[in-house]
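Since the structure comes first, as structure tokens, the remarks are kept for the end.
Proteins get letters first, then strands, A, B, ... in listed order; numbering begins at 1 in each. Worth knowing before you read on, the calculation uses all heavy atoms, side chains too, and leaves out hydrogens, waters and symmetry mates.
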Number of protein chains: 2
Amino acid sequence: MAATAVTKQKKQQAEAGTRERLVRTASRLMQHGGYESTPVKQLVREAEATLGSLYHFFPGGKQELAVAAIGHGDGEFAQMLRAALDSDPDAARAIEATAGVLADALAASDWRDGCPVTATALESVGRLPELQEACARSFGHWQELVAAKLRASGIEEAEAADLAVTVIATLEGAEMTSQVTRSRTPLLLAGRHLSRLVGSYTPAGT
Amino acid sequence: MAATAVTKQKKQQAEAGTRERLVRTASRLMQHGGYESTPVKQLVREAEATLGSLYHFFPGGKQELAVAAIGHGDGEFAQMLRAALDSDPDAARAIEATAGVLADALAASDWRDGCPVTATALESVGRLPELQEACARSFGHWQELVAAKLRASGIEEAEAADLAVTVIATLEGAEMTSQVTRSRTPLLLAGRHLSRLVGSYTPAGT
DNA sequence: CGCTGGATAGAGCGTTCGTTCTAGTCCCTT
DNA sequence: AAGGGACTAGAACGAACGCTCTATCCAGCG
């Protein structure tokens with residue numbers, strides 16, 4: 001048991017290359033076009049892997065890889081979120097700054113790099129339960145990050161949790177609107193309004 | 001010219017059956033799974049039409065039909081939005097009521113009938129420009145409906161337009177979150193928070 | 001040194017995709 | 001009654017889909 005565990009660890013280091021490349025590429029492509037619009041062959045080509053490798057690492061095929069890709073996107077977005085939220089001690093201003101960061105990233109990618117989960121989430125509803133759950137988990141993680149920031153700014157526990165749900169939902173909706181209209185404005189407005197909303201819950205000024 | 005116009009009018013009444021059925025079915029299926037996940041054959045079957053009819057009415061094929069379907073979904077959603085916004089003279093309360101209506105409709109459809117545009121909008125970004133523009137137009141229409149309501153409640157012109165963008169974005173994001181998590185809560189929270197936000201802009205109480 | 005099993009490689013499977021095409025039906029006009 | 005255009009009908013096409021399969025490579029071990 002212990003021996004197999006060690007072996008497995010070694011193997012994972014060795015295989016990290018191809019497996020990681022597949023997951024990262026899948027995450028990026030699904031961020032752009034979602035699940036159905038991302039053919040396995042293109043995925044494998046861009047990841048510089050082969051079909052053999054894909055089905056070796058993911059016997060469950062495209063869907064299993066997609067679940068892993070959502071997990072990867074979850075982590076990446078969470079990292080960006082943490083950094084943006086830490087940029088200002090005040091929660092309201094930090095959230096406005098986050099919207100700004102999202103707007104910049106979106107514009108810099110020619111409006112391609114939206115939320116790494118949204119597109120897939122909508123496709124998965126009611127047809128790919130495992131994917132749908134992975135997406136739901138991602139939203140939960142991000143909400144928790146925001147909630148922690150709100151609590152740190154003195155907002156009461158339950159209120160913070162509720163507010164965090166709306167903050168993430170608004171950022172998601174505004175990001176989609178910015179993508180489709182090719183304009184930073186929706187995200188910047190969302191930032192401004194979320195800041196005002198959050199500010200109305202914080203006990204004191206800064 | 002006038003004669004052709006009359007002829008056309010007659011024809012449109014005659015052809016309303018099949019063409020309308022195709023558009024309505026496309027709108028419904030795309031509401032659930034988006035563009036790529038909706039095969040033409042299934043579409044034609046459920047609309048009780050045939051491929052011949054589809055390519056007769058929409059020489060541009062699936063994409064042209066999709067644009068028409070987005071337009072149809074736009075109109076349907078706008079109608080619902082108007083009704084919900086009219087349910088209360090106060091803008092803040094009306095918007096909260098709207099979120100409630102969306103939550104009820106979503107739950108009643110077993111979380112399938114989300115926004116008729118969102119899924120397609122995300123898929124269209126950067127690959128199907130005509131579809132993307134149709135989606136952007138839809139968002140614009142809905143924003144205008146909300147903006148009018150806000151202005152009617154005494155919010156200043158420019159402020160109302162900005163706020164309307166965030167209201168629609170938040171409702172979109174919350175609806176998606178509700179769909180994926182199979183829970184009314186995100187929509188209901190969005191309604192409560194939007195109400196508070198809008199209330200902070202309205203001049204007087206009620 | 002040969003053996004073994006994880007990893008790579010891609011041709012090819014059956015299926016399904018969007019679309020085209022020809023044939024046919026129906027009704028309006030003359 | 002005859003002609004013509006709008007509409008219906010679905011078989012068939014090439015391309016692309018996700019996936020399977022056999023062959024090969026190569027590092028680690030007895």
Side-chain angles (χ1 to χ4, degrees), chain A residues 3-23 25-26 29-30 32-69 120 123-124 127-128 130-131, chain B residues 2-23 25-26 29-30 33-69 120 123-124 127-128 130-131:
Chain A
T4 23
V6 171
T7 307
K8 216 168 197 174
Q9 211 174 323
K10 277 185 194 169
K11 298 295 144 120
Q12 278 191 344
Q13 281 171 12
E15 82 196 19
T18 302
R19 205 195 127 95
E20 265 292 296
R21 254 182 294 133
L22 282 168
V23 172
T25 306
L29 294 181
M30 284 167 57
H32 298 162
Y35 181 77
E36 299 282 356
S37 308
T38 304
V40 249
K41 291 224 168 106
Q42 180 195 354
L43 206 156
V44 154
R45 195 185 336 119
E46 295 202 17
E48 296 185 87
T50 66
L51 282 171
S53 303
L54 196 165
Y55 287 93
H56 170 73
F57 289 111
F58 303 94
K62 190 186 184 185
Q63 194 173 340
E64 185 181 342
L65 172 57
V67 170
T120 305
E123 275 180 322
S124 73
R127 28 180 101 195
L128 302 163
E130 299 173 29
L131 252 186
Chain B
T4 22
V6 171
T7 307
K8 216 167 197 176
Q9 210 175 324
K10 278 183 194 168
K11 295 298 142 113
Q12 277 190 345
Q13 282 170 12
E15 83 197 19
T18 302
R19 192 188 199 277
E20 266 291 298
R21 254 180 294 133
L22 281 168
V23 172
T25 306
L29 294 181
M30 284 167 57
Y35 181 76
E36 298 282 356
S37 308
T38 304
V40 238
K41 294 223 164 109
Q42 178 195 354
L43 206 155
V44 153
R45 195 184 336 118
E46 295 202 18
E48 297 183 89
T50 65
L51 285 170
S53 303
L54 195 163
Y55 286 93
H56 170 73
F57 289 111
F58 303 94
K62 190 186 185 185
Q63 194 173 339
E64 184 180 343
L65 173 56
V67 171
T120 306
E123 276 180 322
S124 73
R127 26 179 101 195
L128 302 163
E130 297 174 30
L131 252 185

Closest contact, heavy atoms only, [X] versus [Y]:
X       : Y        : value
A:Tyr35 : A:Leu131 : CD1-CD1, 3.7 Å
B:Leu22 : B:Ala49  : CD2-CB, 3.9 Å
A:Arg21 : A:Ala47  : NH1-O, 3.0 Å
A:Tyr55 : A:Gly61  : CE2-CA, 3.5 Å

Inset, instruction - Strictly below 4.0 Å, heavy-atom distances to any atom of DNA chain D: list the hits from residues 58-66 of chain A, or just say none. - result: A:Gly61, A:Lys62
Inset, instruction - List for me each residue that meets salt bridge (charged side-chain N to carboxylate O under 4.0 Å, His left out) alongside A:Glu48, sequence neighbours excluded, and say none if there are none. - result: none
Inset, instruction - Could I get the full list of salt bridge (charged side-chain N to carboxylate O under 4.0 Å, His left out) partners for A:Glu64, not counting sequence neighbours? - result: none
[X] [atom1] - [N] [atom2] separation (whole Å):
X       : N      : atom1 : atom2 : value
B:Arg45 : D:dG10 : CZ    : P     : 13 Å
B:Leu51 : C:dC17 : CG    : P     : 11 Å
A:Arg21 : C:dA7  : CZ    : C1'   : 12 Å
A:Phe57 : D:dC19 : CZ    : P     : 17 Å

Legend entry - Candidates C:dA7, D:dT8, C:dG10 - which lies nearest the side chain of A:His56: C:dA7
Inset, instruction - Give the nucleotide from the list D:dT8, D:dA11, D:dC19 with an atom nearest to the side chain of A:Tyr55. - result: D:dC19
Legend entry - Phosphate contact (D:dC7 OP1 or OP2) by B:Thr18 side-chain N/O below 4.0 Å: no
Inset, instruction - Report yes if at least one side-chain N or O of A:Ser53 is closer than 4.0 Å to OP1 or OP2 of C:dT8; otherwise report no. - result: yes
Legend entry - Nucleic acid contacts - residues 34-43 of chain B versus DNA chain C, non-hydrogen atoms under 4.0 Å: B:Thr38, B:Pro39, B:Val40, B:Lys41
Legend entry - Spacing of B:Met30 atom CE and B:Leu65 atom CG [to the nearest 0.5 Å]: 7.5 Å
Inset, instruction - State, to the nearest 10°, the angle formed by the axis through the first five base pairs of the helix from C:dC1-D:dG30 to C:dT30-D:dA1 and the axis through its last five. - result: 10°
With a cut-off of 3.5 Å and sequence neighbours excluded, list every side-chain donor-acceptor pair involving residues 36-45 of chain B.
unit_1	atom_1	unit_2	atom_2	d
B:Ser37	OG	B:Gly33	O	3.2
B:Thr38	OG1	B:Gly34	O	2.7
B:Gln42	NE2	B:Glu46	OE2	3.1

